[in-house]
Undergrad: 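Here's a structure for you.
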Amino acid sequence: MFHVVSVALLALGLSAAPGFGAGPETAAQAVKAAIARHTNGEVTPDSVATTPVPGIFEVTHGMDVFYADVTGRYAFIDGRLIDTLEKRDLTEATLAALAAIPFSDLPLDLAIKTVRGDGSRKLAVFEDPACPVCRSMQPALARLDNVTIHVFTYPVISPDSIPAAVATWCSAHAARESHWQAYMDGAPVPQRIEPHCEEAMQVVRRIVDFGRARGIRNTPTLVLADGRRVLGAMPAAELEEALSRAGARPASARP
């Protein structure tokens with residue numbers, strides 16, 4: 001419902017309140033007509049009614065219900081506040097700010113570091129070998145150049161991934177990248193944790209503790225240089241653009 005109605009509402013761009021200053025019923029009818037008119041009939045409300053909240057109207061469209069203010073500029077859709085004039089999801093902007101992780105806050109000493117080219121762009125990736133989306137993203141990550149990638153072994157999708165994460169950190173420093181990459185590429189993961197890998201277990205535990213403290217519940221989770229958190233895989237071209245844009249943002253604009 002959000003996508004259908006919000007796209008239509010974003011096209012409204014109303015700067016004046018329909019029926020502003022008129023009685024409640026007249027204003028409601030004006031809002032109904034304005035929504036139908038400005039969405040070219042894509043959203044033709046079945047009804048528009050006043051609510052107990054002054055200036056807020058309840059709009060029904062089929063089985064969907066959303067709320068609009070008297071100006072027509074702001075609409076509440078699926079719990080999100082949409083600015084129809086500037087075509088922005090104001091709730092999304094706030095959620096993104098809350099989810100942001102300043103790159104300097106990341107425990108980079110607990111990440112497997114890969115530098116390609118001049119290493120100027122920065123990316124952190126929380127991933128799990130049991131995550132199909134993580135594995136599907138590997139070719140896109142492999143094609144990146146002029147980037148420093150910090151990979152966090154984050155075995156939260158399946159407990160079967162924990163021995164793989166521990167085995168990676170239990171191996172020699174120079175071999176960790178290749179070991180983890182092999183698991184991400186589909187190599188069989190270890191079935192148990194070797195007794196001498198207690199220190200590596202502590203490293204993995206610290207990584208998971210950090211992720212949980214920051215609300216990282218899914219993989220892959222990406223963190224860009226500007227602190228923006230991205231959930232799920234990104235197409236290669238989109239990832240390239242995001243990396244460049246994040247690196248170009250002035251420090252004052254970052255979280």
Side-chain angles (χ1 to χ4, degrees), residues 2-3 6-7 10 80 86-157 161 164-165 168 174 176-187 207 210-211 214-255:
F2 174 78
H3 296 292
S6 63
V7 168
L10 291 179
R80 291 174 177 265
E86 296 187 3
K87 298 177 173 59
R88 287 195 303 133
D89 182 337
L90 301 180
T91 303
E92 180 62 30
T94 302
L95 289 173
L98 291 173
I101 302 176
F103 215 87
S104 59
D105 287 358
L106 292 168
L108 299 181
D109 60 314
L110 303 178
I112 299 172
K113 180 179 177 181
T114 300
V115 180
R116 301 200 192 110
D118 61 20
S120 57
R121 301 182 297 176
K122 296 189 295 184
L123 176 66
V125 183
F126 290 78
E127 60 185 20
D128 183 325
C131 165
V133 178
C134 296
R135 295 198 301 272
S136 72
M137 193 175 178
Q138 296 307 304
L141 293 173
R143 288 196 294 270
L144 294 175
D145 197 9
N146 295 327
V147 65
T148 299
I149 303 177
H150 302 271
V151 171
F152 290 92
T153 58
Y154 198 56
V156 297
I157 301 301
S161 299
T168 297
R176 288 172 187 164
E177 179 183 350
S178 61
H179 278 190
W180 183 253
Q181 190 60 56
Y183 297 137
M184 294 305 301
D185 289 338
I207 294 171
F210 174 84
R214 291 299 184 127
I216 299 176
R217 301 181 180 88
N218 300 295
T219 59
T221 291
L222 313 182
V223 180
L224 303 175
D226 60 3
R228 177 188 169 200
R229 183 190 310 206
V230 179
L231 301 182
M234 299 179 73
E238 186 178 335
L239 179 56
E240 282 281 359
E241 181 182 354
L243 283 172
S244 298
R245 186 170 61 249
R249 290 183 63 188
S252 60
R254 298 179 186 177

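Since this is a predicted model, take the numbers as computed values, not measurements.
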Undergrad: Could you check if a side-chain atom of Trp180 sits within less than 4.5 angstrom of a side-chain atom of Val151, using non-hydrogen atoms only?
TA: yes
Undergrad: Is the closest side-chain heavy-atom distance between Arg217 and Val156 below 4.5 Å?
TA: no
Undergrad: Would you check if Gln181 and Gln138 make a side-chain contact, meaning some heavy-atom pair closer than 4.5 Å?
TA: yes
Undergrad: Which heavy atom of Thr168 sits nearest a heavy atom of Ile112, and at what distance?
TA: CG2-CD1, 3.7 Å
Undergrad: Does the Glu241 side chain pair with the main chain of Ala237, one donor and one acceptor, at a distance under 3.5 Å?
TA: no
Undergrad: Kindly give the heavy-atom pair with the smallest separation between Ile207 and Leu110, and that separation in Å.
TA: CD1-O, 3.2 Å
Undergrad: Taking C-beta and beyond as the side chain, do Leu222 and Met137 meet within less than 4.5 Å on heavy atoms?
TA: yes
Undergrad: Between Ser244 and Arg121, is there a side-chain donor-acceptor contact under 3.5 Å, judged purely by atom types and distance?
TA: yes
Undergrad: How many angstroms lie between atom CG of Leu144 and atom CD1 of Ile149, to the nearest 0.5 angstrom?
TA: 5.0 Å
Undergrad: Within this structure, what is the CE-CG distance for the pair Met234 and Leu141, rounded to the nearest 0.5 Å?
TA: 11.0 Å
Undergrad: Which atoms form the tightest heavy-atom contact between Lys122 and Leu243, and what is the distance?
TA: O-CD2, 3.5 Å
Undergrad: So Ile216 and Ile101, do their side chains get closer than 4.5 Å, heavy atoms only?
TA: yes
Undergrad: Within the structure provided, determine whether Arg135 and Pro132 are in side-chain contact (heavy-atom separation under 4.5 Å).
TA: yes
Undergrad: Nearest heavy-atom pair of Glu92 and Asp89: which atoms, and what distance?
TA: N-OD1, 2.9 Å
Undergrad: Return the OG1 to CD distance between Thr219 and Glu127, rounded to the nearest 0.5 Å.
TA: 8.5 Å
Undergrad: Which atoms form the tightest heavy-atom contact between Asp128 and Tyr154, and what is the distance?
TA: CB-O, 3.4 Å
Undergrad: Are the side chains of Leu224 and Arg245 in contact, using a 4.5 Å heavy-atom criterion?
TA: no
Undergrad: At what distance, to the nearest 0.5 angstrom, does NZ of Lys113 lie from CZ of Arg176?
TA: 14.0 Å
Undergrad: Kindly compute the distance separating CG (Leu95) from CG (Leu90), expressed to the nearest 0.5 Å.
TA: 11.0 Å
Undergrad: Looking only at non-hydrogen atoms, find the nearest pair between Phe152 and Ala124 and report the distance.
TA: CE1-CB, 4.0 Å
